Amino acid sequence: MRLLRATFLGVRGLPDLTCQLGDQATSAPFDVVVVTGPAASGKTRLLEALIAAKEVLAPSGPPASGAPFVRAGERHAKVELTFV
């Protein structure tokens, strides 16, 4: 199972966005994905949110609180993952 797309809504430190991690036409995930950007652009938060979402699907430890991921002024944060 490989990650094809990730959508982040209401996540603190990230704009609402969808990251395409594969070819939409063929539904083939990319072999390598590089996350780049300037300091304080949300790279670490994006990776932390991916890991937190993975832990909901297949936990490998005790559950973590979702509160640090909710953007100020929002009631909820959502990470939607699409796998192939």
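The residues of the chain are indexed from 1 along the displayed sequence. All values derive from a computational prediction rather than experimental measurement.
- Contacts of Ser41 classified as side chain to side chain donor-acceptor pair (under 3.5 Å), with partners at least two apart in sequence or in another chain: none.
- The two atoms that bring Arg45 and Arg12 nearest to each other are CG-O, 3.0 Å, heavy atoms only.
- Nearest heavy-atom pair, Leu81 versus Ala53, reported as atom, atom and distance to 0.1 Å: CD1-CB, 3.7 Å.
- When all heavy atoms of Cys19 and Leu46 are compared, the pair lying nearest together is SG-CD1, 3.8 Å.
- In this structure, Val33 is a member of the same hydrophobic cluster as Leu47, with clusters built from ILVMFWY side-chain heavy atoms closer than 4.5 Å.
- Note: the hydrophobic cluster containing Val35 also contains Phe30 (ILVMFWY, side chain heavy atoms under 4.5 Å, direct or indirect links).
- Between the CD atom in Gln20 and the OG1 atom in Thr7 there is a gap of 8.5 Å [rounded to 0.5 Å].
- Within the structure, salt bridge (charged side-chain N to carboxylate O under 4.0 Å, His left out) pairs that include any residue of residues 24-35 comprise Arg2-Asp31 (at least two apart or interchain).
- The shortest heavy-atom contact between Asp16 and Leu9 is OD1-CA, 3.4 Å.
- In the hydrophobic clustering of this structure, Met1 groups with Leu50; members are Ile, Leu, Val, Met, Phe, Trp, Tyr whose side-chain heavy atoms approach within less than 4.5 Å, directly or through other members.
- Considering all non-hydrogen atoms of both residues, Val11 and Lys78 come closest at CG2-O, 4.0 Å.
- The shortest non-hydrogen separation linking Arg75 to Val70 is C-CG1, 4.0 Å.
- One N or O on the side chain of Lys54 and one on the backbone of Ala58 form a donor-acceptor pair closer than 3.5 Å.
- Here the OG1-CG distance, from Thr82 to Leu21, works out to 9.5 Å after rounding to the nearest 0.5 Å.
- Tracing side-chain contacts under 4.5 Å through hydrophobic residues (I, L, V, M, F, W, Y), one never reaches Leu14 starting from Ile51; they form parts of separate clusters.
- From Phe8, atom CZ reaches atom CD of Glu80 across 11.0 Å, with rounding to the nearest 0.5 Å.
- Counting heavy atoms from C-beta on, the side chains of Val56 and Val79 never come closer than 4.5 Å.
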